[in-house]
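Quick notes on the structure that follows.
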Amino acid sequence: GFAIPEPELPGLALAVETEELGIHGGLMDRVAQVFGGLTYMDLSPEALGVDGRPLVQNLPPDNLPGLFIAWNDRLAAGSEEVHNPLRERVERGEPAALHLLAELAELADRARDVLLAGDGLGLIPIMTRNFELRSRLIDVGDGNRALVEAGLRVGAGVKQAGSGGAVVGAHDGDPARLARLRTAYGRIGARFVVPSVWSGPTVASTPGAEGLRDGPRRHSRSGESSGA
């Protein structure tokens, strides 16, 4: 019978998982599940403030390029296998990890900016760079690398989607290229789907959301931006 404001739900869900169930995670997935649509998130400690509410900004899905998702069930990995060691590295202040995470967070800023500018194709090099940084940050494994490289060879930008076994890619929307991508992933035993993206609810009530367009991205929170 309680009405919980949307900005509070991600933090509440995360608290249940971490404090009650002992599952290591972050706010990113919870924000996506609550707000839906295409969103920019600032999950830095400075942005969260004392109330722990993330700063969220809706982005226009009409500006997206062609997208696809590909995955191989055999490569699926639990998020704790990636997040737990990375969190430990961040908490002990490992310089290399902190530097790479800061670069990943900057890519999220760039992605937001190109979408707001209507330049969806600008996502292609950003997504490719994301995987380059991720592969320097953690051991992505040969199977995940093969998923990324299958799309790169056909001219798409590709990055991992999740902890393992899935990728998301961006391309120029050419139907012939999409057909080649589908064939390329079929050859390596991966499943392939073209997603539909819808507008999420208005998040103007999220504290500080209006200022995200102009403000710089701050330091990431415990490696959470690794999925940006």
Side-chain angles (χ1 to χ4, degrees), residues 28-29 31-33 36-41 58-83 86 100 103-104 106-200 225-228:
M28 187 173 292
D29 288 350
V31 170
Q33 290 164 342
L38 180 63
T39 57
Y40 169 87
M41 316 171 195
N58 282 133
L59 297 177
D62 290 345
N63 291 346
L64 285 168
L67 296 176
F68 66 87
I69 299 169
W71 71 98
N72 187 327
D73 293 334
R74 296 191 304 273
L75 299 174
S79 60
E80 70 279 356
E81 296 179 23
V82 174
H83 290 163
L86 181 57
L100 288 168
E103 285 195 63
L104 283 165
E106 291 173 3
L107 291 183
D109 282 350
R110 288 172 52 191
R112 175 198 59 183
D113 292 344
V114 299
L115 287 173
L116 289 174
D119 178 23
L121 294 182
L123 276 184
I124 294 175
I126 292 173
M127 293 173 73
T128 300
R129 178 61 175 166
N130 176 284
F131 181 73
E132 292 173 356
L133 294 174
R134 182 185 179 97
S135 62
R136 290 166 54 192
L137 183 65
I138 62 173
D139 180 8
V140 298
D142 293 340
N144 289 310
R145 187 175 297 278
L147 283 172
V148 170
E149 291 178 348
L152 294 179
R153 286 193 292 268
V154 187
V158 192
K159 64 181 290 294
Q160 281 189 259
S163 299
V167 296
V168 59
H171 61 94
D172 59 7
D174 180 1
R177 190 183 308 280
L178 182 61
R180 292 197 300 272
L181 285 164
R182 190 183 300 275
T183 298
Y185 280 102
R187 286 173 178 164
I188 63 171
R191 302 174 71 181
F192 186 93
V193 67
V194 176
S196 298
V197 183
W198 62 94
S199 298
S225 69
S226 63

Per-pair distances, 0.1 Å, donor-acceptor, side chain in residues 178-196, under 3.5 Å, sequence neighbours excluded:
residue : atom : partner : partner atom : Å
T183    : OG1  : A179    : O            : 3.1
Y185    : OH   : L147    : O            : 2.6
Y185    : OH   : G151    : N            : 3.1

So, taking the atom named CG in L104 and the one named CD in E132, what distance separates them when rounded to the nearest 0.5 Å? 11.0 Å

Where do Y40 and D109 come nearest, in terms of heavy atoms and distance? OH-OD1, 2.5 Å

Scanning both residues in full, the closest heavy-atom pair of L121 with P65 reads CD2-CB, 4.1 Å

Residue pair L152 / G157: nearest heavy atoms and the distance that separates them: CD2-CA, 4.5 Å

State whether the side chain of N63 and the backbone N or O of L115 hold a donor-acceptor pair below 3.5 Å, judged by distance alone. yes

What closest approach, in Å, do A150 and V154 show between heavy atoms, and which atom pair accounts for it? O-CG2, 3.5 Å

CZ of R110 to CG of D119, rounded to nearest 0.5 Å, is 11.0 Å

Measure the shortest side-chain to side-chain distance between M127 and V158 over non-hydrogen atoms and say whether it is less than 4.5 angstrom. no

Can you tell me how far CG of L67 sits from NE2 of H171, rounded to the nearest 0.5 angstrom? 7.0 Å

Strictly distance-based, threshold 3.5 Å: is any side-chain N or O of N58 a donor or acceptor partner for the main-chain N or O of T39? no

Working to the nearest 0.5 angstrom, can you tell me the gap between R134 CZ and N144 CG? 7.5 Å

Taking the side chain as everything from C-beta on, heavy atoms only, tell me whether R153 gets closer than 4.5 Å to E149. yes

d(I126 CD1, L107 CG) to nearest 0.5 Å is 6.5 Å

Spacing of R145 atom CZ and D139 atom CG [to the nearest 0.5 Å]: 8.5 Å

Check P60 against L38 and note the closest heavy-atom contact, atom names and distance. O-CD2, 4.0 Å

